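From a predicted model like this one, the values you see are computed outputs, not experimental measurements. In the text below, chain A, chain B and the rest are named by the order of the sequence lines, each starting its count at 1. Side chains are part of it too, since the values below use all heavy atoms of this structure and drop only hydrogens, waters and symmetry mates.
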Amino acid sequence: MPKKIRDKVKDLLNSKEENASVIVKGWVRTKRDSKGGFSFLEINDGSCLAGFQVVADHTLPSYQAVASQLHTGSCVAVTGKLVASQGKGQQWEVHSSEIELYGSADAEKYPLQKKRHSFEFLREIAHLRPRTNTLGAVMRVRNRLSHSIHNFFQDRGFLYLNTPVITASDCEGAGEMFQVTTLDMDRLPLNNGKTDYSQDFFGKRTGLTVSGQLEGEIYAMALSDVYTFGPTFRAENSNTSRHLAEFWMVEPEMAFYDLDDDMDLAEQFLKFLMKDVMENCQQDMEFFNQRIDKTILQTLTDIVECEFERIHYSDAIHLLEKSGESFVYSVEWGCNLQSEHERYLSEKVFKKPVIIYNYPEEIKPFYMKLNEDKETVRAMDVLLPKLGEIIGGSQREDDLDKLTARMKEKEMDPEEYWWYLDLRRYGSAPHSGFGLGFERLVQFVTGMENIRDVIPFPRTPKHAEF
RNA sequence: UCCGGUGUGGCGCAACGGUAGCGCACUCGACUGUUAAUCGAGUUGUUAGAGGUUCGAAUCCUCUCACCGGAGCCA
């Protein structure tokens, strides 16, 4: 049996053993002194939202130090006995026999107070914000979601696939890439006036991945069902509460799935995750429901219980055209749906998640399967009320000639994608997949307004401090 | 990138073109079990930066920077 380091607060709160000897280690959230000769400390160790109350009285050898040096932010190790609390706020507390101060925190300088801070301010101290209730709760929920994403796919026999972060292939249409190079930027080797990438580390121009989809397809065409879950990068100058330059994406890719199967999986997936987080992060989710978004638990419950609406793109356009709403962007067949349109459909018309599918061919990437009408492709977007698009997916084009033709239409060079085309040349099969922005999921589930507050270290234009 | 808004003690905010103030935090004191403890006293400011208008600018004007919200791009 491994050595016991300490007792986690989460375990102590569920304890049944009165008078047990315990060691609590963590950071002081508040100290309440009573001149009768004792102090109450609230210790949080991140194992759960709640802290644990420690009573320190004057018989403690280190009481002088406790009273004078222990402030909010200090880290301590408390040895003592678990006893039923006389106070109202908690069932248990620790009566300390020894308190060791690991590290104090200057009360006049420590930036976190016992009161609520603005998220803007907390972003400026991203190295200390995980010590707040909200960020702690976000990270525990984020962790649970991450865990249950693996559970969902593993239970269904999907293989977890690690696709490369550095890549030479640009998943066309997915956005601008960050360039990866070891060339001396002040003295670039030239060839006919252009940068000579043959002298670069990989002998060609490379960048950070914008999607693992194409690589996912390679493995789906051998192992059937795979999923990726890893960091993704977009060098877009996006400044919104829903965009990051570095974010995590989940991308399942399934052989023998058509678009309907793809939509079924996406719907089951979202419902599974939302149900799981409500069951396994009760305390944190109640916190969000109380402090961040008072409707979030109801919203999640409704989504778990409802059936997602599924409509053709053409029908969506029709609905919008005859809606009588005055949109900033006018609607006509062939246009991209704008945020206002998506929100109208999911919030006003259906009041639940909506899957729109069969989009016009011109506005979607080359790899999506062309329908018989030759005008639309088997693409689908899952739209959530308030958040908008959370999942985008499609059935992939599995016909070599059609795929090559579409690439040429979009002015792409099929030679560069020879390996991708080989998948259609040798043992091609119908297959589908989708992508889910992980932070957007965390954002939706917690009710947090800004995506920068649901990732430990947000990367956005001009921001990479921490 | 575009549109709009904001920038004042450590934090959250107030102040008609006329002496920069409040709450919290912090420091000291009071209190025999506190829960955002409570009560009393006290400390804290180049009003984002540069220029301009004015007898006088936190306040009006110009530019720069930063942040927030919305839009575009998307996940």
Using the ring of each side chain (for Trp, its six-membered ring), is [X] parallel, tilted or perpendicular to [Y], with breaks at 30° and 60°?
X        : Y        : answer
A:His127 : A:Phe466 : parallel
A:Tyr420 : A:Tyr417 : perpendicular
A:Phe269 : A:Phe434 : tilted
A:Tyr257 : A:Phe158 : perpendicular

Is there a Watson-Crick or G-U wobble partner for [N] with both distances under 3.5 Å, and if so, which one is it?
N     : result
B:A50 : B:U62
B:G29 : B:C39
B:C67 : B:G5
B:A14 : none

Could you tell me whether [X] contacts a base, only the sugar-phosphate backbone, or nothing, with contacts defined as non-hydrogen atoms closer than 4.0 Å?
X        : answer
A:Gln53  : base
A:Leu244 : base
A:Leu112 : nothing
A:Lys88  : base
A:Thr30  : sugar-phosphate
A:Glu389 : sugar-phosphate
A:Ser241 : sugar-phosphate
A:Arg29  : nothing

Given [options], the nucleotide with the shortest approach to the side chain of [X]:
X        : options             : value
A:Asn336 : B:C74, B:A71, B:G33 : B:C74
A:Ala107 : B:U34, B:C74, B:C26 : B:C26
A:Asn450 : B:C68, B:A71, B:U34 : B:C68
A:Asn237 : B:G33, B:A71, B:U1  : B:U1

Check your understanding: Taking only side-chain nitrogens and oxygens of A:Gln338, does any of them come within less than 4.0 Å of OP1 or OP2 of B:G72?
Key -> yes
Check your understanding: Would you say B:C68 has OP1 or OP2 under 4.0 Å from some side-chain N or O of A:Arg452?
Key -> yes
[atom1] of [X] versus [atom2] of [N]: gap in Å, rounded?
X        : N     : atom1 : atom2 : result
A:Phe119 : B:G69 : CZ    : P     : 11 Å
A:Leu384 : B:C74 : CG    : C1'   : 15 Å
A:Ile451 : B:A75 : CD1   : C1'   : 8 Å
A:Gln86  : B:U34 : CD    : C1'   : 11 Å
A:His71  : B:U27 : NE2   : P     : 6 Å
A:His463 : B:C65 : NE2   : P     : 13 Å
A:Lys462 : B:C65 : NZ    : P     : 8 Å
A:Phe40  : B:U34 : CZ    : P     : 7 Å

Taking atom [atom1] in both [N] and [M], compute the distance separating them and give it to the nearest angstrom.
N     : M     : atom1 : answer
B:C67 : B:U62 : P     : 22 Å
B:A58 : B:U46 : P     : 13 Å
B:C26 : B:G12 : C1'   : 15 Å
B:U19 : B:U59 : C1'   : 16 Å
B:G5  : B:G9  : P     : 22 Å
B:G18 : B:G51 : P     : 23 Å
B:U6  : B:G49 : C1'   : 16 Å
B:A15 : B:G7  : C1'   : 16 Å

Could you check whether [Y] and [X], counting side-chain N and O atoms only, form a donor-acceptor pair closer than 3.5 Å?
X        : Y        : value
A:His463 : A:Thr460 : no
A:Gln53  : A:Arg32  : yes
A:His431 : A:Glu217 : yes

Quick one: are the ring centres of [X] and [Y] less than 6.0 Å apart?
X        : Y        : answer
A:Phe247 : A:Phe438 : no
A:Tyr313 : A:Tyr359 : yes
A:Tyr110 : A:His71  : no

Could you check whether the side chain of [X] and the base of [N] have a donor-acceptor pair of N or O atoms closer than 3.5 Å, going by distance alone?
X        : N     : result
A:Arg440 : B:C74 : yes
A:Glu236 : B:U1  : no
A:Ser238 : B:C73 : yes
A:His243 : B:C73 : yes

Check your understanding: Any stacking of A:Phe247 on B:A75, going by centres under 5.5 angstrom and planes within less than 30 degrees?
Key -> yes
Review point. Mapping A:Pro461 and A:Glu93 to their closest nucleotides on RNA chain B, which lands nearer the 5' end?
Key: A:Glu93
Check your understanding: When you check every protein heavy atom under 4.0 Å of nucleotides 8-14 of chain B, what one-letter string (B, S, -) results, 5' to 3'?
Key -> --BBS--
Review point. Between A:Glu347 and A:Lys386, is there a side-chain N and carboxylate O pair less than 4.0 Å apart?
Key: no
